[in-house]
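Because the structure is a prediction, the values reported are computed rather than measured. Residue numbering restarts at 1 for every chain, and letters A, B, ... go by the order of the sequence lines.
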Amino acid sequence: MLLHLLNRSAASSHVYRDALRAMAEDDCLLLTEDGVYSALMPLAEHFSAVYGRLFALREDLASRGLEGRCAEQIVIVDMEGFVQLTEDADRVVSWF
Amino acid sequence: MSDRSPMPMLVVLRHAPHGSSWLREGLDVALVGAAFGQSVTLLFIGDGVEALVKGQQTGPLGQKGTHPTLDMLAMYDIETLLVDAESLAQRGLIETDLQLPVTLVAPERLPSLFAHHAPVFNF
Amino acid sequence: MRYALLVQGAPYSHQAAHSALRFAEALIARSHRLETVFFYHDGVYNAQRLATPPQDEPQLVDAWCRLHHEHGTALLVCVAAALRRGVVDERESRRHGKQGHSLESPFELTGVGQLVEAAMTHDRLITFSP
Amino acid sequence: MATTTIERWVRVEGQEIALDPEGYLVDMTDWSPAVAEALAAEEERELTAEHWEVIEVLRDFYARYEMAPAMRPLVKAVGQALGPEKGKSLHLMKLFPDSPAKAGARLAGLPKPTNCL
């Protein structure tokens, strides 16, 4: 299992499409930095193929005033959760 | 290199030439890996496919291009050049527009590429 | 586990270096070892010893140095990327006949080979890019 | 093209050629066979026909690819140009002791390697 990191908003960059196409069936995706803008509907719908394996970083949501407005399909993790995700993955691939 | 990886290394090139140094610096990582005897696969995806377009030149102020570096890959024994077919089609390009022979990759093959290479460097 | 980080963003321009530091603290808190941080692309500016942020902002260069002193983390800077951007140590300054140097110690200039090596010898490599 | 400070000069055929602190050309367009001879003489090296053919390979490599080769591709390029007998690192080490890629780049007037490997 690979963990993919995405730090771009789906509203401004198409890189999320390549990231999604590169993901295997059990890979996970963590939204960080400006990537967390995609954690809200309707942008989150772009990630429907990976619901259940889709995470967003709490501190990046909080600093942007978005905590509590996340789509319910997204699992929010803190920094420790981020580290845990990297422990569980064989490798980590960053998309930027 | 002390610990040679049992899997080939993957360098993913996602940026176009000239506009930024990502492509050049990504290629440098591939060259160094190969110089150390590591087997290297290149994957051109997204704007990275623009790196292969024929007829590129030096930029203004003598800014070096990356097209001579691509010609040099064979000297470093980097021979697996994969191109994401969808990225190519999205940009109105076909294989004969490219300066080197490449292997097109169908979308369903992408996940296994990432799974069967290590390390993976994404530029 | 043994971790390596690849940092490619300049401090204060992008969040990448700040995220990397936060991640570094978190992985150490979970009893992993952060053995190597490799600075590439604009990440080499993290090693600028003349960086002078206002007192009320994070002191990134100091924070990296602290990781080295407290946890033995190697701070490796790609020499080719650094030289182009004016981040030079005393030795390279002499080699190229320049006045002065700008690399903070204990950052070290090194080749991209060290990045490839780190990717193969550590359990995890996490990239933070702008 | 002078990205590097001039440290000293070497006189070649009545012209002053600028060198950096490590003896590399400051201006790559200053290169000529006579300059290569002068640089070799500084190292107390005599350029034989075997040196010259490798210098040619280096200059061709740079002209084609705009980059000076690391050791591995240099060996390959020499093998392709001069035959498998000479395309061996042993042969290159004999001609340019220490570091063939670096010493060769200096004599062939290529940009100074960045210590990247």
Worksheet, complete the sentence: Bottom line for B:Asp84: the part with an atom under 4.5 Å from chain A's heavy atoms is side chain
Worksheet item: Would one find more than 12 heavy atoms of other residues, nucleotides or ligands at under 6.0 Å from atom NE2 of B:His116?
Response: no
Practice prompt. For B:Pro111 and A:Met23, work out which heavy atoms get closest and say how close.
Written response: CG-O, 3.5 Å
Discussion item. Distance check, rounded to the nearest 0.5 Å: A:Ser94 atom OG versus B:Phe121 atom CZ?
Written reply: 11.5 Å
Discussion item. Do A:Asp18 and B:Arg14 make a side-chain contact, defined as non-hydrogen atoms from C-beta onward lying under 4.5 Å apart?
Written reply: no
Worksheet item: Just wondering, more than 12 heavy atoms not from B:Gln63 lying within 6.0 Å of its CD?
Response: yes
Discussion item. Counting neighbours of CZ on A:Arg69 that are heavy atoms of other residues, nucleotides or ligands and sit closer than 6.0 Å, is the number greater than 12?
Written reply: no
Discussion item. If I measure from the heavy atoms of chain B, does A:Arg91 come under 4.5 Å with its side chain, its backbone, both, or neither?
Written reply: side chain
